[in-house]
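Read the structure below first, then the notes.
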There are 2 protein chains.
Amino acid sequence: MSNTTGGRRENGGKQTTMRDVALAAGVGLGTVSRVFSNVGSVAPATREKIEAAARELNFRPSALGRDLKRRTTNNIGLIVTDISNNFYGEFAQGVLATAKEQGRHVILCASGEEPETEREYIDLLVEQRVDGIIAFPTGHNLDSWRSARDLGINIVFADRELPDLDIPSIVVDNEAGARRLTEYLLALGHSRIGYLGGPSELTSGGQREAGYRQAHLDVGVAVKEDLVVRTRFTRDTAYASALRLLENPVPPTALVATNNVLGEAALTAIRDRGLSVPDDISLVMFDDVPWANLVEPPITVVAQPAWQMGQSATRMVLAADGEKVQPQTVKTEMVLRRSARPLHSSAPA
Amino acid sequence: MSNTTGGRRENGGKQTTMRDVALAAGVGLGTVSRVFSNVGSVAPATREKIEAAARELNFRPSALGRDLKRRTTNNIGLIVTDISNNFYGEFAQGVLATAKEQGRHVILCASGEEPETEREYIDLLVEQRVDGIIAFPTGHNLDSWRSARDLGINIVFADRELPDLDIPSIVVDNEAGARRLTEYLLALGHSRIGYLGGPSELTSGGQREAGYRQAHLDVGVAVKEDLVVRTRFTRDTAYASALRLLENPVPPTALVATNNVLGEAALTAIRDRGLSVPDDISLVMFDDVPWANLVEPPITVVAQPAWQMGQSATRMVLAADGEKVQPQTVKTEMVLRRSARPLHSSAPA
DNA sequence: CTCCTGATTGGAAACGTATCCAACAATTCC
DNA sequence: GGAATTGTTGGATACGTTTCCAATCAGGAG
């Protein structure tokens with residue numbers, strides 16, 4: 001290939017503006033604007049003249065000028081933890097598709113679950129005057145969120161809720177999801193069920209743990225507190241926590257992981273300890289990521305409708321001003337596969 | 001939780017501007033600007049007065065006004081195929097991290113490999129006056145690309161090159177990667193090696209196929225043309241193509257898939273046909289996605305350094321104006337695992 | 001013929017910022 | 001003491017657009 005010269009153009013020249021087009025077409029500036037903003041009325045002949053001149057000059061309207069004048073940007077910010085995680089990827093696909101329908105652009109930010117990074121991103125998005133922000137909040141930076149909201153930016157939280165902030169969120173029914181997974185394991189006869197969950201500051205973490213506990217309560221089985229482990233969502237710490245869980249003097253016979261990062265860590269730890277699923281230990285988790293159905297055995301999961309959540313979040317954040325936006329809770333779906341089996345039985349579940 | 005009221009604020013009021021701050025601090029507009037753009041000199045006492053006033057008024061500088069005046073946006077566009085695909089996710093993480101270092105924002109677009117969608121996104125990014133665009137091009141819309149480039153937008157292509165466009169790209173050594181995978185299978189004694197690849201219009205597709213063929217040539221084994229299948233990167237068509245390959249009258253004993261979508265399709269098709277890897281058929285592929293190491297057996301792959309490619313692409317697109325940007329080719333790394341075994345042998349490789 | 005209505009048009013005034021220029025003050029240098 | 005330098009400041013102008021207002025024009029009603 002011959003593209004060795006770089007493809008870079010000197011950007012010194014002025015860009016073509018509506019004024020240039022107006023001059024070339026022999027009309028007034030206002031008329032050109034009316035053509036491109038598709039508002040008001042323009043005589044067909046005039047419109048054609050203008051469009052011809054614009055084509056000739058390779059004119060492209062500038063969103064900068066437009067947005068400055070209109071005081072709205074058509075951009076929304078999306079703050080996820082890690083876009084390489086399939087759950088956030090699916091969610092983002094939902095956001096992108098919905099935003100595109102409405103001619104909106106998406107500014108992507110990855111917080112890495114770091115409050116400081118999140119704060120920087122919030123500031124940047126505020127400066128960019130985005131119309132709205134969709135975020136998986138870290139749970140910190142309450143002041144920044146409040147300030148952004150008070151500046152008139154529509155905000156929607158996903159997956160987690162923040163107290164005292166009066167910002168709507170879209171979450172799944174965490175309690176029910178975790179409860180069903182746990183009930184399922186209990187029904188299979190397990191009574192030492194490990195719980196590998198996220199930080200309890202996050203409402204999703206608290207709710208899932210509550211579901212896990214409620215399931216125990218319902219059938220009168222005591223939760224073994226030393227089998228309840230909360231950890232950050234990074235691969236290394238999650239793996240270490242999973243190992244710790246498995247190294248318990250009396251190890252669990254089943255394990256609930258509350259998202260795909262923790263599930264992957266658990267599976268890896270189980271294998272590294274030379275154990276096998278489901279013969280030595282049953283494993284269930286949140287998030288129906290692709291690998292859940294590719295590994296052997298395929299993992300029983302509670303699926304969150306990530307794409308649809310992205311779609312809903314986008315609709316919420318773009319709701320007409322003045323419209324009340326209600327927080328939303330979506331249902332999870334349990335997908336039974338083969339990663340759990342009855343305790344004290346040699347036949348697979 | 002009590003956030004049932006919506007968190008929406010009427011946006012009717014004027015926003016606070018530098019003029020307001022200037023008035024409140026009893027200084028001139030220019031001085032306020034100097035404080036926030038951090039250019040020129042401002043007396044410490046004055047600066048403090050201004051910062052106090054700004055804090056008091058909750059002033060946030062507007063990127064719109066700044067960008068309009070400066071004629072640059074600090075935004076770059078990223079056009080991928082599907083952000084829920086781990087390869088693009090990793091790449092995007094690299095882009096985000098690098099962009100953030102330089103205070104840049106990333107506008108994310110997913111083309112779905114559709115030329116029409118790609119064109120719309122290019123237009124939108126041009127209107128947004130992004131400083132640069134990083135794209136996995138579909139191979140179409142040459143005019144749009146040319147036009148964007150001529151408007152002064154820095155463009156970098158990833159994964160694929162486009163002829164006659166003088167736009168730099170960052171690619172992996174596709175030919176070598178595919179050659180090594182194929183050589184490996186040939187060395188294990190396979191001679192009927194299926195090839196499941198992308199459309200040949202894409203240079204990456206052509207180069208990988210060339211590597212596959214070269215490997216055969218090197219050892220004097222003829223390519224079985226009816227085992228060479230090119231397909232689009234959608235799950236359904238890829239799966240159908242994989243099935244077709246397996247249903248060959250004389251089926252292949254090994255398979256090369258040229259990316260993770262095709263690899264997943266191949267693996268699923270193999271299993272659905274009741275075959276097992278590697279006993280019935282060996283499978284190797286491009287892309288070291290997480291599941292490649294979680295399935296049984298773990299898949300031998302050629303890994304593309306997605307994150308680093310994102311980083312490099314971002315550096316290229318943000319290179320100082322006037323600087324020549326050289327196209328870049330990065331090396332792949334072959335990761336041997338257990339998804340291939342010698343033909344005519346009962347011991348695993 | 002005049003008045004009125006509606007469609008079409010041109011141009012001025014913002015939107016919020018950066019930057020140039022002139023003005024001024026406080027030093028410093030001879 | 002005067003001139004030159006340096007640091008600091010205010011204000012006008014421009015960036016590319018939208019939008020308001022007034023003006024023009026064609027044509028129908030009276």
Side-chain angles (χ1 to χ4, degrees), chain A residues 11-51 53-54 57-75 126-131 151-152, chain B residues 11-51 53-54 57-75 126-131 151-152:
Chain A
N11 195 0
K14 290 170 53 65
Q15 56 177 300
T16 308
T17 80
M18 285 191 174
R19 207 177 302 272
D20 302 322
V21 175
L23 208 63
V27 299
L29 170 57
T31 309
V32 177
S33 171
R34 254 157 276 157
V35 167
F36 284 98
S37 59
N38 236 358
V39 72
S41 58
V42 177
T46 315
R47 175 181 298 265
E48 236 165 85
K49 255 196 317 188
I50 292 175
E51 279 168 350
L57 296 173
N58 195 19
F59 165 76
R60 305 311 209 71
S62 161
L64 289 179
R66 169 167 32 85
D67 293 348
L68 178 59
K69 186 62 187 162
R70 281 197 186 151
R71 317 185 62 170
T72 163
T73 57
N74 281 351
N75 289 158
V126 167
E127 290 197 1
Q128 293 282 328
R129 297 294 190 267
V130 291
D131 292 344
L151 254 20
Chain B
N11 197 0
K14 292 171 51 67
Q15 55 178 302
T16 308
T17 80
M18 285 190 174
R19 206 175 303 271
D20 301 321
V21 175
L23 207 63
V27 301
L29 170 58
T31 309
V32 177
S33 172
R34 253 157 286 168
V35 167
F36 285 98
S37 57
N38 237 359
V39 71
S41 58
V42 176
T46 314
R47 162 169 269 128
E48 235 166 87
K49 255 195 317 188
I50 292 175
E51 279 168 351
L57 296 173
N58 195 18
F59 166 75
R60 306 309 211 73
S62 162
L64 289 178
R66 170 167 32 84
D67 294 347
L68 178 59
K69 185 61 186 162
R70 280 199 185 148
R71 316 184 62 168
T72 163
T73 57
N74 281 351
N75 290 158
V126 167
E127 290 198 1
Q128 292 283 329
R129 298 293 191 267
V130 292
D131 292 344
L151 253 22

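The model shown is predicted, which means the values in this text are computed figures rather than measured ones. Protein chains get the first letters and strands the later ones, always in sequence-line order, with residue 1 at the start of each.
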Using a cut-off of strictly less than 4.0 Å, decide whether [X] has a side-chain nitrogen or oxygen near OP1 or OP2 of [N].
X	N	value
B:Arg71	D:dG16	yes
A:Ser33	D:dT18	yes
A:Ser37	D:dT19	no
A:Ser41	C:dA7	no
B:Arg47	D:dT8	no

- Give a yes or no on whether the backbone of B:Gly30 and the side-chain of B:Arg34 come within a donor-acceptor separation of less than 3.5 Å.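 At least one qualifying donor-acceptor pair exists.
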- Query: Looking only at atom types and distance, does a side-chain atom of A:Arg129 sit under 3.5 Å from a main-chain N or O of A:Val126, one as donor and one as acceptor?
  - Reply: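 Checked: pair present.
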- By nearest nucleotide on DNA chain C, pick out whichever of A:Gly26 and B:Arg19 is the more 5' one.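 Final value for this comparison: A:Gly26.
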- Item | Check: B:Ile50 and B:Arg47 side chains under 4.5 Å, non-hydrogen atoms |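 The answer is no; the side chains never approach within 4.5 Å.
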Residue [X], side-chain atoms from C-beta onward, closest of [options]:
X	options	answer
A:Arg34	C:dG10, C:dT19, D:dT9	C:dG10
B:Leu68	C:dT17, C:dT8, D:dC15	D:dC15
B:Thr17	C:dA18, C:dT9, C:dG16	C:dG16
A:Ala43	D:dT17, C:dT9, D:dT18	C:dT9
B:Lys69	D:dT19, D:dA14, C:dT8	D:dA14
A:Ser62	C:dT9, D:dG16, D:dT19	D:dG16

[X] [atom1] to [N] [atom2], straight-line distance once rounded to whole Å:
X	N	atom1	atom2	answer
B:Leu29	C:dC20	CG	C1'	13 Å
B:Ile50	D:dT8	CD1	P	13 Å
B:Asn38	C:dT19	CG	P	12 Å
B:Met18	C:dG16	CE	P	12 Å
B:Arg129	D:dG16	CZ	C1'	9 Å

- Task: With DNA chain D as reference, determine whether B:Val27 or A:Gly30 sits nearer its 5' end, using the nearest nucleotide of each.
- Result: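 Nearer the 5' end of the strand: B:Val27.
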- For A:Asp131 and A:Thr72, does a side-chain donor sit closer than 3.5 Å to a side-chain acceptor?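 Yes - a donor-acceptor pair under 3.5 Å links their side chains.
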- Query: Counting any heavy atom closer than 4.0 Å, what does A:Gly65 reach on the DNA or RNA strands: base, sugar-phosphate only, or nothing?
  - Reply: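 Contact class for A:Gly65: base.
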- Sugar-phosphate, base or nothing in reach of A:Val39, heavy atoms under 4.0 Å: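 No contact at all - A:Val39 keeps every heavy atom at 4.0 Å or more from the nucleic acid.
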- Task: Please name the pair of heavy atoms, one in A:Thr46 and one in A:Thr31, separated by the smallest distance, quoted to 0.1 Å.
- Result: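 Reported closest heavy-atom pair: CG2-CG2, 3.9 Å.
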